[in-house]
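Within every chain, numbering begins at 1; the chains are lettered A, B, ... in the order of the sequence lines, protein sequences first and strands thereafter. No experiment lies behind these values; they were computed from the predicted model shown.
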Amino acid sequence: MIDISQVSKTFGSAGPAVDDLSLHIATGEFVVLIGASGSGKSTTLRMINRLVEPDRGSIRFAGVDIRQIKPEALRRRMGYAIQSTGLFPHWTVAQNIATVPQLLKWSKARVADRIDELLTLLHLDPDAFRGRYPHQLSGGQQQRVGVARALAADPDVLLMDEPFGALDPVTRATLQAELLRIHALSGKTVVLVTHDIDEALQLGSRIVLMNHGRIVQQGRPIDLLRHPANTFVHDFVGRTEIGIRLLALDRVASRLRPGERAAGEPISAELSLREALSAFVARRVDRLPVVDEQGRPAGALCFDDLLER
Amino acid sequence: MSRTQRALSFCLLALLGLAYWLPRAEPVFAVLFPGRDRLIYRQDTFVDLLVAHLWIVGVSSGLAALAGVGVALAVRRAWGRAFRPLLETLLAISQALPPVAVLAVATPLIGFGPLPALIALFLYGLLPIAQGTLAGLDSVPASAREVACGLGMTPAQILRHVELPLASPVILAGIRTSVTINIGTAALASTVGVKTLGLPIIIGLSGFNTPYVVQGALMVGLLALTVDQAFAVLAQPLRRWREPDGQETLSALTL
């Protein structure tokens with residue numbers, strides 16, 4: 001879907017922001033670009049929709065060199081969401097979501113249908129939210145609208161620059177789950193920039209760790225945690241917390257002992273093992289009853305099962 | 001009708017009422033200024049003077065608004081950015097020249113009549129408008145501009161749909177200041193023989209006729225209040241989206 005090949009970009013007299021970077025992003029992938037500030041992750045993202053033009057190298061989108069597509073036309077095919085939401089304060093929620101469909105001259109009825117569909121998808125009641133202005137929304141609601149706007153014209157690719165960076169942890173976790181659900185539902189290609197390793201591990205089907213404009217390591221979340229390529233990666237994924245983060249990658253359902261029983265308040269099979277660990281410690285037990293999504297008893301989880309065998 | 005609209009109607013009625021009443025006010029002025037003749041200015045009707053005053057302010061401020069917004073937009077483009085400090089200096093200088101001095105210099109060069117007055121008023125009105133436009137555009141959140149670009153708006157669409165609507169309250173405030181000041185300054189144009197509401201004031205001052213001065217000043221003052229209130233009414237819808245329960249339907253969307 002997106003082919004970045006040997007791309008470099010230098011701003012001013014400082015060293016290169018992006019240095020001879022090559023990256024292939026397949027259709028339907030959820031790629032997370034992660035790194036410290038100044039690692040070139042945002043610049044890489046912004047080169048994909050031509051907000052930044054590379055000095056050298058080429059980027060192909062669906063097989064076509066993006067320099068052959070008009071920047072505006074290219075951007076209308078790629079959803080774009082940023083940290084501060086960038087909602088237009090003088091437009092209602094509906095008008096904000098309608099931005100790209102309007103630019104593409106969709107019919108009024110089609111736009112109105114799409115707005116309701118997206119508000120519903122993002123769990124905002126269309127009748128209550130359509131006519132509101134951004135300042136009448138909470139931070140989390142604003143970001144939902146920002147995501148809806150990015151999705152509005154059904155783009156092939158979704159580009160997100162630290163979309164949840166400014167949210168409180170609870171809202172962020174909810175929206176991350178929503179984004180995963182939307183990704184699974186729509187099969188869209190997503191490229192997301194973040195500096196939060198937990199966010200990257202939770203969201204990415206592939207993580208690209210960058211430093212000084214180069215890729216240090218890329219792979220599935222479990223690859224980065226199990227086989228860090230060097231000490232930089234090891235430090236970045238959090239030396240002392242690797243075990244915890246490994247647990248966060250798996251669900252309770254994967255270590256469940258079906259049919260067994262345990263006493264106490266049951267936990268959901270959909271929880272991560274990290275949350276299960278927390279429950280073991282907090283309740284001072286070594287066996288927890290587990291229920292499935294419908295709340296029916298599914299079995300038990302033992303403390304020992306947290307260790308992979 | 002909102003409070004601002006009621007205030008505007010009140011000012012407008014008072015202004016027209018005064019223009020109608022002044023020629024009939026001889027008994028009142030006879031009491032205020034006993035023992036004088038020529039109590040009421042009668043060389044022109046006050047309605048004529050009001051129309052002439054509005055015309056000269058309208059033309060000079062209209063041109064100043066076009067030019068002021070135009071240059072401000074120009075120095076924000078990539079090719080004009082280098083000229084911004086120069087523009088700000090020139091505007092400051094034009095503001096520092098007293099309008100009477102501009103009239104005194106322009107009149108021998110161009111001759112008597114409305115043209116030197118229009119030039120002086122135009123220059124004088126430019127600064128608040130250009131500054132208001134620059135301040136308004138500077139106040140547009142960078143994130144809104146970036147997203148507009150990232151979603152695929154052309155520079156012209158960004159200007160029309162994002163930058164100008166968001167800057168419009170501040171731009172309008174600049175125009176409001178400029179016009180209100182120009183209404184007062186236009187009265188001075190009568191020193192070079194232009195017919196404005198300043199004429200009774202100038203004639204009254206040179207002939208030691210205080211009633212004339214009072215009549216001209218009352219008219220100019222009320223006109224300034226009325227126009228200021230008219231701008232307050234114009235500014236209301238521009239801020240509708242800031243109000244706590246603003247509701248707008250999709251049909252108002254005009255991309």
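Between atom CD of residue A:E72 and atom OG1 of residue B:T154 there is a gap of 6.0 Å, rounded to the nearest 0.5 Å. Taken to the nearest 0.5 Å, the OG atom of B:S143 stands 12.0 Å off from the CG atom of A:D161. Taking CZ from B:R145 and CZ from A:F88, the interatomic distance works out to 11.5 Å, rounded to the nearest 0.5 Å.
Listed here is the closest heavy atom pair of A:W91 and B:M153: CH2-CE, 4.0 Å. The two residues A:L51 and B:E146 come nearest to each other via the heavy atoms CD1-OE2, 4.2 Å.
Of the possible donor and acceptor atoms, none in the side chain of B:H161 sits under 3.5 Å from a partner among the backbone N and O of A:T99. Side chain of A:R75 to backbone of B:L151: no donor-acceptor contact under 3.5 angstrom is found.
Options A:R76, A:R149, A:M78 differ in how many heavy-atom pairs under 4.5 Å they form with chain B, and the most are formed by A:R76.
Sparse packing is recorded around CZ of A:R56, with 12 or fewer heavy atoms of other residues, nucleotides or ligands lying under 6.0 Å away.
In this structure, chain B has a heavy atom under 4.5 Å from the side chain of A:R46, while its backbone stays farther away. For A:P155, no part lies under 4.5 angstrom from a heavy atom of chain B. In this structure, chain A has heavy atoms under 4.5 Å from both the backbone and the side chain of B:A148.
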